[in-house]
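Below is one structure, written out as structure tokens, with a few remarks after it.
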Amino acid sequence: MGTTFHMVVYASSKQNADRAAQSAWARVDELNSILSDYDPNSELSRLSQMTNDGPMAAPVHVSDDLYRIIERSLEASRLSDGAFDITVGPFVRLWRRSRQLRELPTTQRVEEARKSYGYQYIRLDPQKHTVQLLAAHMRLDVGGIAKGYTSEEALKVMRLYNIDRALVGAAGDIGTGDPPPGKPGWAIRLESLGGDKEPPVYVQLKDHYAISTSGDTERFVIIEGVRYSHIVNPKTGLGLTDRIGVSVIAPNATTTDWASTAISVLGPEKGVEMIEKIPDAAARITMLVDGRIKVWESSRFHQFVVQPHE
Ligand code: AMP
Ligand code: MG
């Protein structure tokens, strides 16, 4: 998935901790081999390749994991009014090319990519667990949701070993189990656009909540003085140019992962509106406006904020 996972495990014996972590790592590897878009042999890549010669003539059966992640992604597209859309693959490819060449794609290339974009081209059959892709040259990209899903799945594996006090995270996406011994929750410092200039914000996660942060602090390209994020605005087909950082907290890491990516595209006002509709979810958004940091918080966000010593 082009990222690094971390696990924190508390257990009564080292042996049990090792066994649980080993199985959880095996699950991460398994999901990588299904969901990676860097690996041309992943199940996801092979599915996309079935549109190389045109729309798929018939549905194909897929693994439970791939089915579930596509299902959650389509739900995310509907909730975010298309801001989150895993069919952005062709745009993401153009972005990766731009980053290498340091030049924007031509309008022609963007319009070409647009023909293979649109979540309405994905058809699922919940009874048969099949997928059919209805446009040519589609490239599904689950990079905005797979890390959260994988964190959640790794935590489930550890629970099979009776390990509940654990945390699994990949870059910006963190899922949690029960807190460390003697602690009320997991204290997490938010990464913000302001860097050291803004006072740090700490949140506390309990009840197996998750947190995701999206933004352009790590992956971006600057072309002619404009900074393009790795998150694509489907309307333009290009990387976002707004300087925005989004953290989402919710009971499930799959949700926090897609929602933080979606809000980056939607912007603060529509983003807050969306998160208020998702049960028990909260968001904090920072944006760089004329060189100054502006902050938006959804109504539930303050419930999670703590002072560092708490
Ligand atoms: P994240 O780091 O979770 O915000 O996800 C960013 C990744 O999601 C990108 O590297 C792409 O792989 C993918 N992506 C980019 N733009 C979108 C979008 N509009 N909807 C869904 N996924 C996207
Ligand atoms: Mg995401």
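From a predicted model like this one, the values you see are computed outputs, not experimental measurements. Both ligands and their constituent atoms are indexed starting at 1 by order of listing.
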Atom pair CZ/NE2 of Arg96 and His230 - distance to nearest 0.5 Å: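 One gets 10.0 Å once the value is rounded to the nearest 0.5 Å.
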Protein contact of [atom] - nearest heavy atom, named by residue and atom, plus distance:
| atom | result |
| --- | --- |
| atom 20 (N) of ligand 1 | Asp85 N, 3.0 Å |
| atom 11 (C) of ligand 1 | Asp141 OD2, 3.5 Å |
| atom 10 (O) of ligand 1 | His230 CD2, 3.1 Å |
| atom 1 (P) of ligand 1 | Thr261 OG1, 3.3 Å |
| atom 14 (N) of ligand 1 | Val88 CG2, 4.0 Å |
| atom 18 (C) of ligand 1 | Ala83 O, 3.7 Å |

Nitrogen or oxygen of [X] less than 3.5 angstrom from that of ligand 1:
| X | value |
| --- | --- |
| Arg96 | no |
| Gly144 | yes |
| Asp173 | no |
| Val92 | no |

Ser77 backbone acceptor or donor facing Trp258 side chain under 3.5 Å: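 Not a single qualifying donor-acceptor pair exists.
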Pro105 vs Phe91 side-chain heavy atoms within contact, under 4.5 Å: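 No, side chains not in contact.
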Side chain proximity check, Leu140 to Leu133, heavy atoms < 4.5 angstrom: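 Leu140 reaches Leu133 side chain to side chain.
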Per-atom contacts, ligand 1 versus [X] - under 4.0 Å to a heavy atom:
| X | answer |
| --- | --- |
| Asp257 | 3 (O) |
| Val232 | 15 (C), 16 (N), 18 (C), 19 (N) |
| Phe84 | 20 (N), 21 (C), 22 (N) |
| Ser214 | 1 (P), 3 (O), 4 (O) |

Derivation of the salt bridge (Lys or Arg N to Asp or Glu O under 4.0 Å) call for Arg27 and Asp65: CA-CA 11 Å; Arg27 181 76 176 120; Asp65 288 311; 2.8 Å; yes
Can you tell me if [X] has over 12 outside heavy atoms packed within less than 6.0 Å of its [atom1]?
| X | atom1 | value |
| --- | --- | --- |
| Asp81 | CG | no |
| Arg68 | CZ | yes |
| Arg123 | CZ | no |

Distance criterion under 2.8 Å: protein N/O/S atoms around the Mg ion (ligand 2):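 For the Mg ion (ligand 2), the figure is 4.
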Salt bridge Glu153-Lys156, side-chain N to carboxylate O under 4.0 Å: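 Salt bridge: yes.
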Closest non-hydrogen atom pair between Leu94 and Ala113, with its separation: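 Minimum heavy-atom contact is CD1-CB, 4.0 Å.
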Counterpart residues, side-chain hydrogen bond (donor to acceptor under 3.5 Å, both in side chains), relative to Ser116 (two or more places apart):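 Listed in chain order: nothing, the list is empty.
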Check against side chain to side chain contact (heavy atoms under 4.5 Å, CB included), Tyr117 and Asp85: CA-CA 9 Å; Tyr117 149 79; Asp85 189 330; 3.3 Å; yes
Salt bridge (Lys or Arg N to Asp or Glu O under 4.0 Å) assessment of Arg114 paired with Glu111: CA-CA 5 Å; Arg114 192 175 294 287; Glu111 288 319 306; 3.5 Å; yes
